[in-house]
Amino acid sequence: MRFIIFFLLLSMPAWVMSQEGSSKYEEYILTPEPPQSPQINSTALYGLRPGTPLIYRIPCTGKRPIKFEIEDLPKGILLDEETGIMTGTIKNPGSYTMTLKAKNDHGNFSKEFTLNVGDKLALTPPMGWNSWYTHYDRISDRTMREAADQMIATGMADYGYQYVNIDDCWMMKMKSKDPDVGGKRRDKDGEIIPNKRFPNMKGMADYIHAKGLKAGIYISPGPATCASYEGSYQHEAQDAVTFAEWGFDFLKYDWCSYSKVAGKKSDPDYFIRPYRLMWDELKKQDRDIVLNLCQYGMGNVWEWGGDVGNCWRTTGDLGLEEHKNLPGFYSIGLSNARHAKYAIPGGWNDPDYILIGWVGDAHGMAEGTPTDLAPWEQYSYMSMWSLMAAPLIFSGDMAKLDKFTLNVLCNNEVIEVNQDPLGKQAILHEKTNQQFIMVKPMVDGSLAVGIFNLKDGVQEISIKWDQLQITGNKRVRDLWRQKDLGVFSDHFTTEIQPHGVSMIRIFNE
Ligand code: GLA
């Protein structure tokens, strides 16, 4: 019966689905409920610079209250035992390994965690939320604070989501008559002036930090942002200081109008110059600020992005990508997959945000409506992003998260693939018009594999151990359902839904 309903839904026009919303997909939920006992979902590795403040809320599911404890807590770091929020600084570079512990009435859990104090940040892909595809130029201080509240309340923070990032439109706008955003864009000393919807930037970042989360901001190296708000051009050093003083932990630096001032394209530094400038300025701050390059993949950014940033967009905007036979995340994802060899801890290919749940059409900067992606398309999307070690930044509406969307965003075994400390991006194999596979080596020697069905109908797909260059008996685990499927000796065959995925992990027996 379930299958029949599923196929009826898939054959419905997209508008029928979007009218009804994605909550009706509850029966397609695959991720099991987390246990009542604690389960720490923290990454194993975290990068921090010497002497800069750490804010890290241990991601942990299970029934609260939970009591947290850390064995071998390094000097300089404090733990709030009730919230699991770690704060403080470490002066000396080095690798500090500790055991995170969580306990409640139902049981206890411990996990090893290493703080790498050095010059590298984002040792695993950043996870969080960005305001763009829901709020566009309607974004305000209040919505940002609410997004932080929702990141805790929905449980997303318990799975590792931690950045609450504002996108474009927080500054004053060029030539605007709107009293909220029009007017002087910098003060007499050149300090940037946020628009009236952001009365207290530092207060907003403090609010986000008090929850153990991190705050992100956006600007362009050009004179204006993509939506024609004030840019950083000729104020780069000053803006870097301002962002650090306000307390931001992440900067998306979007090329936009920079072409107007970039000089000659034949200059070998043409693409890299603005990013190197901001990277150097950020390093001077006594805060760790992750730098996200946004320039849509120009000048083969994957070849040099890691020298001047922590992640770099490899393509144009996903929200503007056309839905042809397949939804746009497939073409964007497959384009991003070509640059797998450039991903390393601290430097990630970025195929743009996770657009599921309620999302506003980017063409008209519209109000959100429920995604028209079918359930299995959403599993494919999240699987691809996880396998590609892409930043996991959700950009749908935090206030309208339903159970199905949360089940896609918050499967700890899927996220573990994304956050694996080896930091390899999956390699694309066997791509045809009908299917492909993605293979990601994991730190424990296992392989995370996505088998994707591009056909409009159900398809049975086999992968042979030869194709994966492995031999012998292997235990295969279904990551979405979190279930072992058995031991297989030379191949694995499975039936896959239209535009869907089987995401498995193959362990040595
Ligand atoms: C560009 C970026 C988007 C978004 C907008 C904001 O299009 O690629 O991600 O930041 O600018 O104007």
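Only heavy atoms go into these numbers, but all of them, side chains included; no hydrogens, no water, no symmetry mates. Ligands are counted one by one from 1 in listed order, and the atoms in each one are counted from 1 as well.
Numbered from 1 in the order shown, with element, the atoms of ligand 1 that lie under 4.0 Å from a heavy atom of Asp168 read 6 (C), 12 (O). If you number the atoms of ligand 1 from 1 as listed, the ones under 4.0 Å from a heavy atom of Tyr296 come out as 8 (O). Atom numbering of ligand 1 starts at 1 in the shown order; those under 4.0 Å from a heavy atom of Cys226 are 1 (C), 11 (O), 12 (O).
Checking only distances, Arg313 does come within under 3.5 Å of ligand 1, N or O to N or O. When only interatomic distances are considered, the shortest N/O to N/O separation between Lys252 and ligand 1 falls below 3.5 Å. In terms of polar-atom proximity, Tyr353 is not counted as a contact of ligand 1, lacking any N or O under 3.5 Å from an N or O of the ligand.
Protein heavy atom nearest atom 3 (C) of ligand 1, with residue, atom name and distance: Asp317 OD2, 3.5 Å. Taking atom 11 (O) of ligand 1 as the reference point, the nearest protein heavy-atom neighbour is Asp254 OD2, 2.9 Å.
With 3.5 Å as the limit, one finds no donor-acceptor pair spanning the side chains of Asp254 and Ser220. Remark: the Asp456 side chain and the His499 side chain contain an N/O donor-acceptor pair separated by less than 3.5 Å. Using modelled atom types, one finds a donor on one side chain and an acceptor on the other under 3.5 Å when comparing Trp312 with Asn349. Side-chain atoms of Ser259 and Trp255 form a donor-acceptor pair, as typed in the model, at a separation below 3.5 Å.
Both cation-pi conditions hold for Lys214 and Tyr163: the charged atom is under 6.0 angstrom from the six-membered ring centre and inside a 45 degree cone around its axis. For the pair Lys400 and Trp358, the cation-pi test (distance below 6.0 Å, angle within 45°) is passed. Geometrically, Arg313 does not engage Tyr296 in a cation-pi contact, judged by NZ or CZ lying under 6.0 Å from the ring centre and within 45° of the ring axis.
Only the side chain of Cys294 comes within 4.0 Å of ligand 1, judged by heavy-atom distances.
Here Arg287 pairs with Asp249 in a salt bridge; the nearest charged N to carboxylate O distance falls below 4.0 Å.
Taking a 4.0 Å cut-off on heavy atoms, Tyr218 registers as neighbouring ligand 1.
Ranked by closest heavy atom to atom 10 (O) of ligand 1, the top entry among Thr225, Leu320, Asn292, Asp167 is Asp167.
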